[in-house]
**Student:** 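Below: one structure in structure tokens.
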Amino acid sequence: MSGWKERVRKVTPYVPGEQPSGRDVIKLNTNENPYPPAPGVARALREIGGDDLRRYPAPDIAPLTGRIAERYGLDADRVFVGVGSDDVLSMCFLTFFRGPEPLLFPEITYSFYSTWAEVYGIPYERIPLNDRLEIDPADYCGRSCSGIIFANPNAPTGLSLGLSAVEKIAASNPDRVVIVDEAYVDFGGDSAVCLLDKYENLLVVQTFSKSRSLAGMRIGYALGSRALIRCLNDVKFSVNSYTMNRAAIGAGCAALEDEAYFEECLSKIVSTRERAKEALASLGFSFPDSRTNFILASHRSVPASKLYERLKEEEIYVRYFNTPGIDNCLRITVGTDAEMDALFAALRRMITEEEAQKR
Ligand SMILES: *Cc1c(COP(=O)(O)O)cnc(C)c1O
């Protein structure tokens, strides 16, 4: 082996969902929003001129930071913006969790948490969910740890934890940073933003990728105390001062200006989700009661891996995780009503065939 190979940082990377390019693909595998971003976003992008690109963007990501702050009734120095919440979360891991005690997070959750812990050399401990796939707040209280992170609603279970449970975790860990990843909160979770004035150690992370249809633009943010945001900025300015490009800043501001459109898309997705729960149940699936834009479903007789492969042959993409505890589940993103109907028709046919073969 060449000597340099021994000096390289080795990691097992996070594996994102497939991004197939065909036009007829039904893509229900990465929790993207099926509806386009607010119309003002395209307008804002058209208005970007040569001078905007010639010059560096604002290092404090103004005016987007201010607009986000306004929406949540916070001062701008309590908002940190990054290149998708993945960038924000990665900065959080680098800033807040130094060990030697373990960082705590659920055993079944966003699989990027263990990847960041590995790449930054942060010791961690994964805490099992209860048998209903819920986070038990008691597991995160009174523990020796370097910090806590969990997604609420959790992914890929889709289950939401009540605010009193989130508050209990923040209150029992005043000497540790507690991060709530609220990537899906707009689809029906309870946001911890209202607890931020009470807990200096609490940080809420959200994204424009799911509820605001801007996964391709890469905008995420953290909301918290001035002290936490200052620490995040110190690390960010030690890595890359200009994280957000001007197109993303403009697009983000435009998306925030159209709350009516935002609410309309959310209510369509929520009603399609509730309809999907009925359709999936009638096909023989069971699933936790999702508060997100996806459903983690397992079938009573046909293995998830088989359905995943067969759907893919028909260019219907859902997500399958070969992970203990959820390896018989499909994570199905809520698409448009038409996309979901195509999925249900395909599933009905496949399940009928598979069950007939078993007889
Ligand atoms: C999608 C997702 C993110 C990352 O989203 P970005 O596109 O990077 O903003 C973070 N956390 C969870 C739980 C997610 O599902």
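FYI, side chains are in, hydrogens and waters are out, and symmetry mates aren't considered; it's all heavy atoms of this structure. Counting starts at 1 for both ligands and their atoms, following the listed order.
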**Student:** With a 3.5 Å distance limit and no angle check, can you tell me whether Asp181 reaches the backbone of Ala183 through a side-chain donor-acceptor pair?
**Tutor:** yes
**Student:** Going by heavy-atom distance to atom 2 (C) of ligand 1, choose the closest among Glu182, Arg218, Lys210, Met217.
**Tutor:** Lys210
**Student:** For a side chain to side chain contact (heavy atoms under 4.5 Å, CB included) with Phe96, tell me which candidate from Ile149, Leu203, Leu103, Asn201 qualifies.
**Tutor:** Leu203
**Student:** Under 4.0 Å from ligand 1, counting heavy atoms only, is it the side chain of Ala183, its backbone, both or neither?
**Tutor:** side chain
**Student:** Heavy-atom contact under 4.0 Å between Tyr184 and ligand 1?
**Tutor:** yes
**Student:** What are the atoms of ligand 1, with element, lying closer than 4.0 Å to any heavy atom of Gly84?
**Tutor:** 8 (O), 9 (O)
**Student:** Give me each pair satisfying ring pair (Phe, Tyr, Trp, His ring centres under 6.0 Å) with a member in residues 248-274, each pair once, sequence neighbours excluded.
**Tutor:** none
**Student:** State which residues pass salt bridge (charged side-chain N to carboxylate O under 4.0 Å, His left out) with Glu309; sequence neighbours excluded, sorted by chain then number.
**Tutor:** none
**Student:** What do we get for Asp86 next to ligand 1 when only non-hydrogen atoms under 4.0 Å count, side chain, backbone, both or neither?
**Tutor:** both
**Student:** State whether Glu18 and Lys312 are salt-bridged, where the test is any N-O pair (Lys NZ or Arg NE/NH1/NH2 against Asp/Glu carboxylate O) under 4.0 Å.
**Tutor:** yes
**Student:** Relative to atom 7 (O) of ligand 1, which among Ser90, Ser209, Gly216 owns the nearest non-hydrogen atom?
**Tutor:** Ser209
**Student:** Which residue and atom name correspond to the protein heavy atom nearest atom 5 (O) of ligand 1, and how close is it?
**Tutor:** Ser85 OG, 3.1 Å
**Student:** Please lay out, stage by stage, how Ile122 and Arg98 fare under the test side-chain contact (heavy atoms from CB on, under 4.5 Å).
**Tutor:** CA-CA 6 Å; Ile122 299 164; Arg98 293 203 311 140; over 6 Å; no
**Student:** Can you pull out the closest protein heavy atom to atom 11 (N) of ligand 1? Residue, atom name and distance to 0.1 Å, please.
**Tutor:** Asp181 OD2, 2.6 Å
